[in-house]
Structures are given as structure tokens and as C-alpha cells.
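All values derive from a computational prediction rather than experimental measurement.
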Amino acid sequence: MSAKIRLYVEHPLGQGQSVHLTREQAHYLFGVMRLGVGGQIALFNGLDGEWLAEVAEAGKRGGILTCVDQTKPLHLPPDLWFLFAPIKKARTDFIVEKAAEMGAARIMPVQTEFTNSERIRQDRLQAHAVEAAEQCGGTYVPEVADLQRLDRVLDDWPEGRQLMFCNEAEVGSALRLAANEKGQPWAILIGPEGGFSDRERARLVALPFAHVVSLGPRILRADTAAVAALTMWQQALGDWA
Ligand code: SAM
């Protein structure tokens, strides 16, 4: 049996396990969703899969749920980092939501030379990733990292991780992701509204782990490019097949 409401909790889940709710969670379940004692809900914590739970106690400031049955095993996404330059607030929120839904394992906002924003609200973006996982049936929530300079991320690049570099200078070219072994660590990089600087582009193209790709014959907005790149990668190398 599956419950309609899904909630991410930072709490171990298992047969008979009691889960104590925070004030916000209690408000959402009992105030907004009108659940009462005996009501059912699906819980996940990014580690133990999804569990059907029942409301054992419901209060204004808290409550207790009891785990009844595991309804899904943990499904980890492929080892894919999603790097993007933050743009306007609503569009950045959209990018984080889509990256979480589409199966990125880690979401990494990066500051490039032409990035408009110098800071992000990491906690807000993380909450968007949680909400996306709750609504898409995922059992895993990608971590949203703090904003880091792209140069710094490239300086510390881990050995063995490939990079799909979405380069707007290749618009209309035939450069696509070549066949590669599945199951390897990868990353995708999408630039800001202003694109990459010549210096950044020269560095990226020369990296031995970079795979330069075109996303077709038109320049896409950064949020569209994010979805297109994730689709392309998931189709070729991810867990869609
Ligand atoms: N202002 C830039 C220009 O006119 O060339 C466009 C930047 S685009 C709005 C934002 C990002 O989306 C780019 O940095 C790139 O990563 C990605 N992108 C958009 N269209 C693309 C395409 N056709 N091929 C490869 N990457 C693309």
C-alpha cells in the first residue's frame, strides 16, 4: 500500500521505528494536510529507502509516526555532479529542482567570470532539492553545495571524473556525447546567461577529462540547457535505460 503524502526526514527508518516530528513537519501534516492519528504517509531519509508510516500521535507542536513497512528500496542516482552558474532566483530554483528530479547526485553552484550573483542561499536551494525528491518519488536527496569558484573546483578536480562541458561556442556543431562506459563518475557544466569567458573556455577545452558538447543548433537559456544536458547525459550514460 502506498501513501500519497511523502516526507523527507533526517531520522533512521526501519520496522516499528518511531519518528518524532519537528514543529514544521507537524504543522504541515496535521495543520495543512489534515492528517490525524492512524493516517498514513510515506517517509524517506536518503539512506533506508521509502517506508509507509502511520501517525501514532498528532499535536500542534509535534507528533510521532511509526514505520510499518518498507515500500521502496533505496535507489541511488548515478554518480553525476551537476555544475551550473546561478542565474536569477526563480530560474536558479528551477534548475535545482530539475537537477534533483532528473537524477543528479550532487548539485554544485559555481561562480564563473560572467556569473551575475555572488551569493546563493544554500539552505533555500537544499530545501528545493528536498521538495523535488518528495514529489518525484525519489528515495535520495542530492546535496546542494555552497557556491564555489569554477576555477577552484577545476583545480581540485578528482581523478577519474569526466566532465560534459556544454559549450555555447559549439552551437550547431555535431559534437555530442561519445559512447562511454556506464557507471563512471561524471559531471555536467552549464554556464551563466553571459556564457563562458574566452579564458574559461580555453581552459575547459584543454582539460583532459572534458568532453565538449553542443546542445543543438540554437542557444538555449541556462535553465533550458540544464534540462537538455541532463536528458542527454541520462539517456546515454545514466539510469534511464
Ligand atoms: N550568452 C551566451 C551566448 O550568446 O553565446 C549564451 C549562454 S547560454 C544562455 C547559457 C549556457 O547554456 C551556456 O554557457 C552553455 O553552457 C549552455 N548552452 C546553451 N545553449 C547551448 C548550445 N547550443 N550548446 C552548448 N551549450 C549551450
Side-chain angles (χ1 to χ4, degrees), residues 1-82 89-109 120-147 183 226-227 230 234 238-241:
M1 176 168 194
S2 68
K4 281 201 187 101
I5 307 170
R6 300 185 84 242
L7 192 68
Y8 171 78
V9 288
E10 289 181 357
H11 198 288
L13 301 174
Q15 199 76 44
Q17 177 81 50
S18 296
V19 177
H20 290 251
L21 298 172
T22 64
R23 193 187 183 115
E24 292 74 34
Q25 289 167 337
H27 171 72
Y28 170 67
L29 292 183
F30 311 135
V32 180
M33 303 307 291
R34 300 271 164 211
L35 268 191
V37 170
Q40 295 191 326
I41 172 174
L43 300 179
F44 66 106
N45 61 3
L47 296 169
D48 299 317
E50 182 191 86
W51 284 80
L52 179 70
E54 274 180 13
V55 179
E57 284 178 31
K60 279 208 169 106
R61 284 189 221 106
I64 301 177
L65 307 176
T66 307
C67 292
V68 180
D69 264 325
Q70 193 184 42
T71 40
K72 279 183 196 173
L74 175 67
H75 177 90
L76 291 175
D79 185 357
L80 175 66
W81 290 0
F82 183 75
K89 187 170 154 292
R91 289 180 182 274
T92 296
D93 292 351
F94 174 92
I95 290 175
V96 168
E97 183 183 285
K98 298 310 150 205
E101 279 178 55
M102 296 183 77
R106 188 155 194 253
I107 300 173
M108 300 170 64
I120 54 158
R121 282 278 309 276
Q122 187 276 339
D123 56 337
R124 273 193 57 250
L125 295 181
Q126 186 66 67
H128 280 296
V130 167
E131 268 175 41
E134 284 173 346
Q135 73 78 34
C136 77
T139 51
Y140 172 86
V141 178
E143 177 207 349
V144 181
D146 258 325
L147 186 65
V227 175
L230 282 155
Q234 278 286 25
D239 63 4
W240 287 16

Asp239 side-chain N/O to Pro77 backbone N/O, donor-acceptor pair under 3.5 Å: no

Spacing of CH2 belonging to Trp240 relative to CG belonging to Leu230, to within rounding of 0.5 Å: 8.0 Å

Min side-chain heavy-atom separation Ile95-Ile107 under 4.5 Å: no

His11, NE2: over 12 other non-hydrogen atoms inside 6.0 angstrom: yes

Trp51 and Phe44, any side-chain heavy atoms less than 4.5 Å apart: no

Of all pairs that satisfy salt bridge (charged side-chain N to carboxylate O under 4.0 Å, His left out), the ones with a partner from residues 123-133, not counting sequence neighbours: Asp93-Arg124, Arg121-Asp123

Distance in Å, Met33 CE paired with Lys4 NZ, rounded so as to fall on 0.5 Å steps: 9.5 Å

Atom pairs and distances, donor-acceptor, side-chain atoms in residues 135-146, under 3.5 Å, two or more places apart:
from	atom 1	to	atom 2	distance (Å)
Thr139	OG1	His75	N	2.8
Tyr140	OH	Ala105	O	2.8
Glu143	OE1	Arg106	NE	3.0

Spacing of Glu134 atom CD and Leu43 atom CG [to the nearest 0.5 Å]: 10.0 Å

Would you give me the side-chain donor-acceptor pairs under 3.5 Å for residues 53-70, sequence neighbours excluded?
from	atom 1	to	atom 2	distance (Å)
Glu54	OE2	Gln40	NE2	3.2
Gln70	NE2	Asp48	O	3.0
Gln70	NE2	Lys72	O	3.4

Inter-residue atom distance Leu74.CG - Leu13.CG, 0.5 Å rounding: 11.0 Å

Heavy-atom pair with the smallest gap, counting every atom of Val19 and Pro12: CG2-O, 4.4 Å

Ile41 CD1 to Leu35 CG distance, which is reported to the nearest 0.5 Å: 6.0 Å

Ala132 to Ala100 - nearest heavy-atom pair and separation: CB-CB, 3.8 Å

Lys89 NZ to Phe94 CZ distance, which is reported to the nearest 0.5 Å: 15.0 Å

